[in-house]
Amino acid sequence: MAFMVKTMVGGQLKNLTGGLGGKEDKGEGEKSPAEAQGMTREEYEEYQKQLLEEKMEREAMYTQRKAERATLRTHFRDKYRLPKSDVDDAQIQLAGGDVELPKELAKMIEEDNEEEEGRSSVIGQLSNIQNIDLDSIKGKAQSTLDDLKQSAEKCSLM
């Protein structure tokens, strides 16, 4: 109620005097942001500058992480021959284009590649089959090669 009276009468009184009364006391709601937080104007500007810098650092780190994830997804798309994503390419370009994977992820991918290389070889495929003695197969293959070499030496055409 007092607020309404003050606004109604205060506005009329100000118009009558023409604002000659000098400084008026500012109300609680009319304080500057710096005064509201109990700081001087310079302190408040420095505080705002720090907040802005921190926000930019967070956004840069977030963009870098998104680009790392996009690089990982691109790697797996290439590996499994899946269609490429324009969104991932855009995220990588946004981060500067040359994005490296975190060490842990790169190490995991390297281990996966080594495992797949071992599985893709003939001996790797044979090791997946149960109840096979690889040593005996290797021995038989070596003896067959030795026999072939001996018969090639006996051959009169060569």
Side-chain angles (χ1 to χ4, degrees), residues 2-3 6-7 23-158:
F3 173 73
K6 182 178 179 181
T7 55
K23 275 188 167 178
E24 287 187 27
D25 292 336
K26 290 187 175 182
E28 295 275 334
E30 297 179 9
K31 287 186 178 179
S32 69
E35 291 174 351
Q37 292 190 4
M39 298 184 218
T40 64
R41 183 180 183 131
E42 292 82 25
E43 289 175 338
Y44 184 73
E45 288 175 0
E46 183 65 29
Y47 174 72
Q48 289 297 324
K49 198 181 293 185
Q50 282 180 336
L51 287 178
L52 184 63
E53 288 174 3
E54 289 174 2
K55 182 180 178 184
M56 291 174 65
E57 287 176 14
R58 282 193 309 270
E59 286 177 359
M61 286 177 26
Y62 180 70
T63 302
Q64 180 68 24
R65 285 187 189 136
K66 284 176 73 173
E68 288 171 354
R69 292 182 193 121
T71 303
L72 184 65
R73 287 191 299 269
T74 302
H75 167 76
F76 282 120
R77 282 192 177 99
D78 290 343
K79 181 177 178 180
Y80 295 112
R81 297 182 187 106
L82 298 172
K84 293 188 177 188
S85 172
D86 294 335
V87 174
D88 288 344
D89 292 338
Q91 285 177 344
I92 293 170
Q93 291 300 320
L94 188 63
D98 189 25
V99 179
E100 293 184 15
L101 292 175
K103 292 178 183 178
E104 299 90 23
L105 290 176
K107 189 175 182 181
M108 287 172 42
I109 289 172
E110 199 172 303
E111 290 172 358
D112 287 345
N113 288 341
E114 288 174 3
E115 287 178 14
E116 287 190 17
E117 286 174 5
R119 290 181 193 157
S120 65
S121 68
V122 174
I123 294 177
Q125 292 294 329
L126 289 176
S127 66
N128 288 338
I129 301 173
Q130 294 179 353
N131 300 328
I132 289 187
D133 186 17
L134 288 178
D135 292 329
S136 64
I137 292 175
K138 286 180 184 178
K140 289 179 184 178
Q142 188 64 38
S143 65
T144 305
L145 281 175
D146 291 339
D147 290 343
L148 284 174
K149 285 181 185 178
Q150 287 176 357
S151 40
E153 289 174 0
K154 293 179 184 178
C155 181
S156 59
L157 293 176
M158 298 185 106

What pairs of residues pass the side-chain hydrogen bond (donor to acceptor under 3.5 Å, both in side chains) test when at least one of them lies in residues 65-80, not counting sequence neighbours?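 Found Arg73-Asp88, Arg73-Gln91, Arg77-Asp88, Lys79-Glu116.
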
About how many Å separate NZ of Lys49 and CD of Glu45, when rounded to the nearest 0.5 Å?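 Glu45 atom CD to Lys49 atom NZ measures 7.5 Å (nearest 0.5 Å).
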
Interatomic distance, Asp147 atom CG to Gln142 atom CD [nearest 0.5 angstrom]: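 Nearest 0.5 Å value for the CG-CD distance: 10.5 Å.
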
Would one find more than 12 heavy atoms of other residues, nucleotides or ligands at under 6.0 Å from atom CD of Gln50?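 Yes, enclosed.
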
Atom OH of Tyr47: over 12 foreign heavy atoms under 6.0 Å: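 At most 12 heavy atoms, drawn from other residues, nucleotides or ligands, come within 6.0 Å of this atom.
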
Closest non-hydrogen atom pair, Ile92 against Ala70: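 Closest approach of Ile92 to Ala70, heavy atoms only: CG1-CB, 4.0 Å.
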
Taking Tyr44 as the fixed residue, which of Glu42, Gln48, Glu46 is the one that meets the side-chain contact (heavy atoms from CB on, under 4.5 Å) rule?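 Per the side-chain contact (heavy atoms from CB on, under 4.5 Å) rule, the option paired with Tyr44 is Gln48, out of Glu42, Gln48, Glu46.
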
Testing Glu57, Glu53, Glu59 one by one against Lys55 for a side-chain contact (heavy atoms from CB on, under 4.5 Å), which residue passes?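 Of the listed residues Glu57, Glu53, Glu59, the side-chain contact (heavy atoms from CB on, under 4.5 Å) partner of Lys55 is Glu59.
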
